[in-house]
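Order of the sequence lines fixes the chain letters, A, B, ..., with proteins taken first and strands second; residue numbering starts at 1 for each chain.
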2 protein chains.
Amino acid sequence: MPELDDTRREAYRAFLAAHSRLTTAMDKALTESGLLPLTWYDVLVTLEYQEGHQLRLSDLADKVLLSKSGLTRLVDRLVEQGYVERVACPKDRRSIYAVLTYEGQKAREDAWPTYSRLIQGLFGGQMTDGEAKLLTRVMLASACAAEAYMGRPHTIEECARAEEL
Amino acid sequence: MPELDDTRREAYRAFLAAHSRLTTAMDKALTESGLLPLTWYDVLVTLEYQEGHQLRLSDLADKVLLSKSGLTRLVDRLVEQGYVERVACPKDRRSIYAVLTYEGQKAREDAWPTYSRLIQGLFGGQMTDGEAKLLTRVMLASACAAEAYMGRPHTIEECARAEEL
DNA sequence: AACAGATAGTTGCATTTGCAAATAAATGAG
DNA sequence: CTCATTTATTTGCAAATGCAACTATCTGTT
């Protein structure tokens, strides 16, 4: 394995800076508009893309990049707001589905214009089509490498997707 | 401003996933090796690169991407460990310098091999030279856009650097 | 000189998060 | 069938972090 060079060090620092400033700016903009915090939005969209608008809590934790305990409490808050319901799974009584409610769907839709405008303005607008694709490939490769390093099974969606590109 | 398209949405998600998995993997690897946590490392290197191995707390907060209060307490921990000292600034009695100690420098050097191996293995190793440069440019542009959006002065180092590339 | 306003740092407080332990349920080996 | 193991979720607890309020200091205006 080659040594870490300055070019890559700089890329790494830029990556961290971008993440920090981007999430700070977005979260501030969203809460100031009285809209959903980033993590809430993330859960609601994730559910919306699923069949039946539901997902087992563990699977949801993986998708929204949270630990299981973190997710348990995030779902607590969402249930309290009426955006999500907990529904027991009949097949496996250990499992619980998080199910998107109508209010949850509504709240997500309300946030979408602001949300997408922010991502486009602060992130997407900074790159060409080709650059976006390249970025995706590199980011997924890195995420995948980190997964592998942590000893997680390579079955994670991102890894499969990274191979395709 | 064009609408946010799927290509860029995917890039954004990949970006978030990479950040989450990378920092998780790195922090786990470092603490398991009994080395410095990521944020500690970040402070110590930042100081090491400065003239006299010192920096005013506010400036340090900016560099390591932390709020002022967050930094105050991070420095508390580092002082407690003997890695950093607080030194009053004679010119401006409001300001305080964080100064790297010998122990701090030593600790950082001990962590470096593991640290750089991780970044190279999980991040740098996933891209070519050209890709690293492109990534840097795009990331800095995004960080800069976020800064501008937050109404911060454009004087931040990253923004100037982004212009050059 | 005096005061309004900006700036540096710290502290109180609330929030978010993860780890480890606890609980409950499924699975597999013998 | 039974017991050990694995899996899904929750809970106790501690750590990290940001915001707003506070103190101290500096700066510029009158």
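- Atom P of nucleotide dT17(D) and atom CG of Asp27(A) are separated by 16 Å, given to the nearest angstrom.
- Counting to the nearest Å, the P atom of dT16(C) and the CG atom of Leu38(A) are 13 Å from each other.
- In terms of the side-chain contact (heavy atoms from CB on, under 4.5 Å) criterion, residue partners of Thr46(B) (sequence neighbours excluded) are, by chain and number, Asp42(B), Leu55(B), Leu60(B), Lys63(B), Val64(B).
- Residue Thr72(B) is in base contact, counting any heavy-atom pair closer than 4.0 Å across all strands shown.
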In a table with atom names and distances, give each donor-acceptor pair under 3.5 Å that connects a side chain of residues 69-79 of chain B to protein atoms at least two apart or in another chain.
from, atom 1, to, atom 2, distance (Å)
Ser69(B), OG, Ser67(B), OG, 3.4
Thr72(B), OG1, Lys68(B), O, 3.2
Asp76(B), OD1, Arg86(B), NH1, 3.0
Asp76(B), OD1, Arg86(B), NH2, 2.9
Arg77(B), NE, Arg73(B), O, 3.4

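- For Leu4(B), the side-chain contact (heavy atoms from CB on, under 4.5 Å) partners at least two apart in sequence or on another chain are Trp112(A), Ser116(A), Ile119(A), Gln120(A), Arg8(B), Arg9(B).
- The side chain of Ser95(B) contributes no N or O atom lying less than 4.0 Å from OP1 or OP2 of dT7(C).
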Which nucleotides of nucleotides 18-28 of chain C have their base under 4.0 Å from a protein heavy atom (B), which only their sugar-phosphate (S), and which neither (-), written as one string 5' to 3'? BB-----BS--

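- Contacts of Gln105(B) classified as side-chain contact (heavy atoms from CB on, under 4.5 Å), with partners at least two apart in sequence or in another chain: Glu48(B), His53(B), Leu100(B), Glu109(B).
- Look at CH2 on Trp40(B): it is 12 Å from P on dA15(D), rounded to the nearest Å.
- As a whole-Å value, the separation of Leu74(A) CG from dT9(D) P is 14 Å.
- Straight-line distance from the CD1 atom of Ile96(B) to the P atom of dT7(C): 18 Å, rounded to whole Å.
- Here Glu32(B) pairs with Lys28(B) under the salt bridge (charged side-chain N to carboxylate O under 4.0 Å, His left out) rule; sequence neighbours left out.
- For the pair Leu57(B) CG and dT11(C) P, the computed distance is 12 Å after rounding to whole Å.
- Residues passing the salt bridge (charged side-chain N to carboxylate O under 4.0 Å, His left out) test with Arg117(B), sequence neighbours excluded: none.
- At least one donor-acceptor pair under 3.5 Å links the side chain of Thr136(A) to the backbone N or O of Ala132(A).
- Here the C1' atom of nucleotide dC26(D) and the CZ atom of Arg56(B) are 12 Å apart, to the nearest Å.
- Direction change of the helix axis from one end of the helix from dA1(C)-dT30(D) to dG30(C)-dC1(D) to the other is 20°, with five pairs defining each end axis (rounded to 10°).
- Not counting sequence neighbours, the partners of Tyr115(A) by the ring-ring contact (aromatic ring centres under 6.0 Å, His included) test are Tyr41(A).
- Near-neighbour residues of DNA chain D inside residues 75-83 of chain B, defined by a heavy atom below 4.0 Å, number-ordered: Arg77(B).
- Within the 4.5 Å cutoff, side-chain heavy atoms of Pro37(A) are placed close to those of Asp27(A).
- Regarding Asp59(A), its CG atom lies at a distance of 12 Å from the C1' atom of dT7(D), rounded to whole Å.
- Through chains of ILVMFWY side-chain contacts below 4.5 Å, Val99(A) is grouped with Val87(A), Tyr97(A).
- By the side-chain contact (heavy atoms from CB on, under 4.5 Å) test, Leu16(B) is found to be paired with His19(A), Leu65(A), Tyr12(B), residues two or more places apart in sequence or in another chain being considered.
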